[in-house]
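Everything below concerns the one structure shown next.
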Amino acid sequence: MKIDKSGFLQGARFIASPNCDDRPPEVEFDIPLLVIHNISLPPRSYGGSGVIDFFTNQLDIWQHPYYEMIADLKVSTHFFIRREGEVIQFVSCNKRAWHAGVSSWHDRIRCNDFSIGIELEGSDSDPFTDIQYEKLAELTRAIQEAYPIKEIVGHSDIAPVRKTDPGPCFDWQKYRNLIAVAGSN
């Protein structure tokens with residue numbers, strides 16, 4: 001995997017999200033933080049179009065009762081990794097995706113300004129798939145080659161009162177081991 005100068009992952013399916021904007025000028029390409037999330041829509045339902053519809057503001061509230069609660073939210077991410085391993089990009093890494101919400105890391109607020117977000121199709125209560133870990137590790141290495149990532153955290157680390165993802169089923173050690181393997185290739 002490789003990310004080009006315009007912030008796009010070569011070969012990934014791109015679906016543009018309107019929920020993004022320019023990063024603050026003082027940040028530019030100084031992006032030290034990678035944030036791992038999980039999402040599924042409806043909750044714990046996998047393989048449908050709910051997440052894509054949500055990130056593109058096309059969620060049909062009549063498809064599921066849960067959708068009424070989130071219908072007015074404007075959210076996006078840079079990348080979404082489906083359970084079978086497909087990587088979808090919604091926002092250029094050079095832009096600010098709206099994935100972190102109210103957040104802080106090392107006394108810096110608004111983590112969206114200086115981070116890249118990756119959503120895994122999943123939930124706090126279901127294990128992630130092997131192919132998701134493999135693609136996540138490959139994508140992480142590509143991001144690290146293109147941007148000065150210094151730390152990798154979960155959404156729960158930057159918004160601990162509000163968020164729990166990527167959740168207790170996310171195997172951080174497995175992920176770190178795969179990043180190391182991806183880096184040695």
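Below, all heavy atoms of this structure are taken into account, side chains as well, without hydrogens, waters or symmetry copies. These numbers were taken from a predicted model, which means no experiment stands behind them. Numbering starts at 1 and runs along the sequence shown.
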Side-chain touch [X]/[Y], heavy atoms, less than 4.5 angstrom:
| X | Y | answer |
| --- | --- | --- |
| Thr56 | Phe90 | yes |
| Lys135 | Met1 | yes |
| Ile152 | Ile179 | yes |
| Val153 | Trp105 | yes |
| Asn112 | Ser103 | no |
| Phe55 | Val91 | no |
| Ser115 | His99 | yes |

Are the side chain of [X] and the backbone N or O of [Y] linked by a donor-acceptor pair below 3.5 Å?
| X | Y | answer |
| --- | --- | --- |
| Ser49 | Ile52 | no |
| Arg23 | Cys93 | yes |
| Thr77 | Gly117 | yes |
| Asn38 | Pro166 | yes |

Should Arg83 and Glu121 count as an ion pair when the cut-off is N to O under 4.0 Å?
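No.
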
Tell me whether [X] shares a hydrophobic cluster with [Y], the cluster being built from Ile, Leu, Val, Met, Phe, Trp, Tyr side chains joined at under 4.5 Å.
| X | Y | result |
| --- | --- | --- |
| Ile88 | Leu34 | no |
| Ile143 | Phe8 | no |
| Leu120 | Ile15 | no |
| Leu139 | Trp172 | yes |

Give the ring-plane orientation class for Tyr66 versus His64, where under 30° counts as parallel, over 60° as perpendicular and anything between as tilted.
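Answer is perpendicular, since the angle exceeds 60°.
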
Take the angle between the ring planes of Phe128 and Tyr133 and call it parallel below 30°, perpendicular above 60°, tilted in between.
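Phe128 and Tyr133: perpendicular rings.
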
Qualifying residues under salt bridge (Lys or Arg N to Asp or Glu O under 4.0 Å), relative to Asp22, sequence neighbours excluded:
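Salt bridge (Lys or Arg N to Asp or Glu O under 4.0 Å) check on Asp22 returns Lys95.
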
Counting neighbours of NZ on Lys174 that are heavy atoms of other residues, nucleotides or ligands and sit closer than 6.0 Å, is the number greater than 12?
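More than 12 within 6.0 Å, yes.
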
Should Trp98 and Asp21 be marked as a side chain to side chain contact (heavy atoms under 4.5 Å, CB included) after you check the CA-CA gap, both sets of side-chain angles, and the distance that decides it?
CA-CA 8 Å; Trp98 302 345; Asp21 55 4; 3.3 Å; yes

Where is the tightest heavy-atom contact between Ala137 and Leu178, given as atom of each residue plus distance?
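Where Ala137 meets Leu178 most closely, the heavy atoms are CB-CB, 3.5 Å.
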
